[in-house]
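Taking it in order: structure first as structure tokens, then the write-up.
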Amino acid sequence: MLPTDSALVLFSGGQDSTTCLAWALKHYARVETIGFDYGQRHAVELTVRPQLLASLRALDPAWDAKLGEDHMIDLSLISRISQTAMTHDIAIETQANGLPNTFVPGRNLLFMTVAATVAYRRGLTVLVGGMCETDFSGYPDCRDDTMKALQVALNLGMDTRTKLETPLMWRDKRQTWELAQELGGAALVDLIRAGTHTCYLGERGALHDWGYGCGACPACELRARGYRQFVNAGH
Ligand code: ZN
């Protein structure tokens with residue numbers, strides 16, 4: 001097996017990372033997953049993860065055979081060293097620097113670095129993340145240039161040839177739904193619609209056509225709009 005045949009997917013339990021996981025299961029012979037508990041105010045994402053992994057296994061026997069270990073990493077230090085609306089009970093708003101206070105500074109840099117460390121131990125040579133510059137809410141650590149620079153830094157610092165893959169980088173939310181459709185048809189779209197969690201407020205009461213969530217926070221708005229565009233395009 002070629003070393004580039006194995007991937008570690010940053011898998012949070014949201015729409016984007018679940019689509020990335022399906023993408024990796026399509027492209028690589030061996031796939032493992034990594035998730036981070038960083039003291040999120042709403043840990044719904046973390047509770048849906050095991051269900052999603054089981055559902056993906058059930059969807060396709062080939063995916064079941066490829067899917068390996070899931071690594072849950074405690075990164076609660078993030079909530080201790082930063083103060084954001086993701087980890088503390090403060091209202092979501094735009095900060096003086098123009099960034100929303102849902103931005104956790106350094107989070108994706110740390111996630112990728114920790115993932116690279118785990119991948120090094122596990123012999124996995126591709127890291128897959130759902131970073132997206134198209135719908136990135138202004139998060140600078142979702143930019144393509146940030147990920148490319150990080151890939152260089154990680155490989156220099158670890159003397160590796162690890163590749164950072166970001167299949168959603170240039171897709172908007174509608175195109176992310178379309179990618180799910182391509183990868184796993186209506187069954188995968190349904191699984192992502194009802195099984196993943198994106199809402200910043202952790203709301204999981206009623207199932208909307210686009211999935212669960214409060215419907216009003218920036219994450220829900222983006223997800224709902226993308227799903228409606230996807231449906232309106234005839235899917
Ligand atoms: Zn919401």
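Each ligand, and each atom within it, is numbered from 1 in the order the structure gives.
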Should the pair D190-R193 be classified as a salt bridge under the 4.0 Å nitrogen-to-oxygen rule? yes
Solution key, residues 149-159 side-chain donor-acceptor pairs under 3.5 Å, sequence neighbours excluded:
residue	atom	partner	partner atom	Å
Q151	OE1	L164	N	2.8
N155	OD1	T160	OG1	2.8
N155	OD1	R161	N	3.4
N155	OD1	T162	N	2.6
N155	ND2	Q151	O	3.1
N155	ND2	T162	O	2.8

Does one side chain, of D141 or T146, offer a donor that lies under 3.5 Å from an acceptor on the other? no
Can you run down the ring-ring contact (aromatic ring centres under 6.0 Å, His included) pairs that involve residues 104-128, sequence neighbours left out, and say none if there aren't any? F36-F111, Y38-F111
Quick note, side chain to side chain donor-acceptor pair (under 3.5 Å) partners involving residues 203-216, not counting sequence neighbours, are H197-R204
In the shown structure, where waters are left out, how many protein N, O or S atoms lie under 2.8 Å from the Zn ion (ligand 1)? 4
Passing candidate, side chain to side chain donor-acceptor pair (under 3.5 Å) with D16, options R223, R171, K173: K173
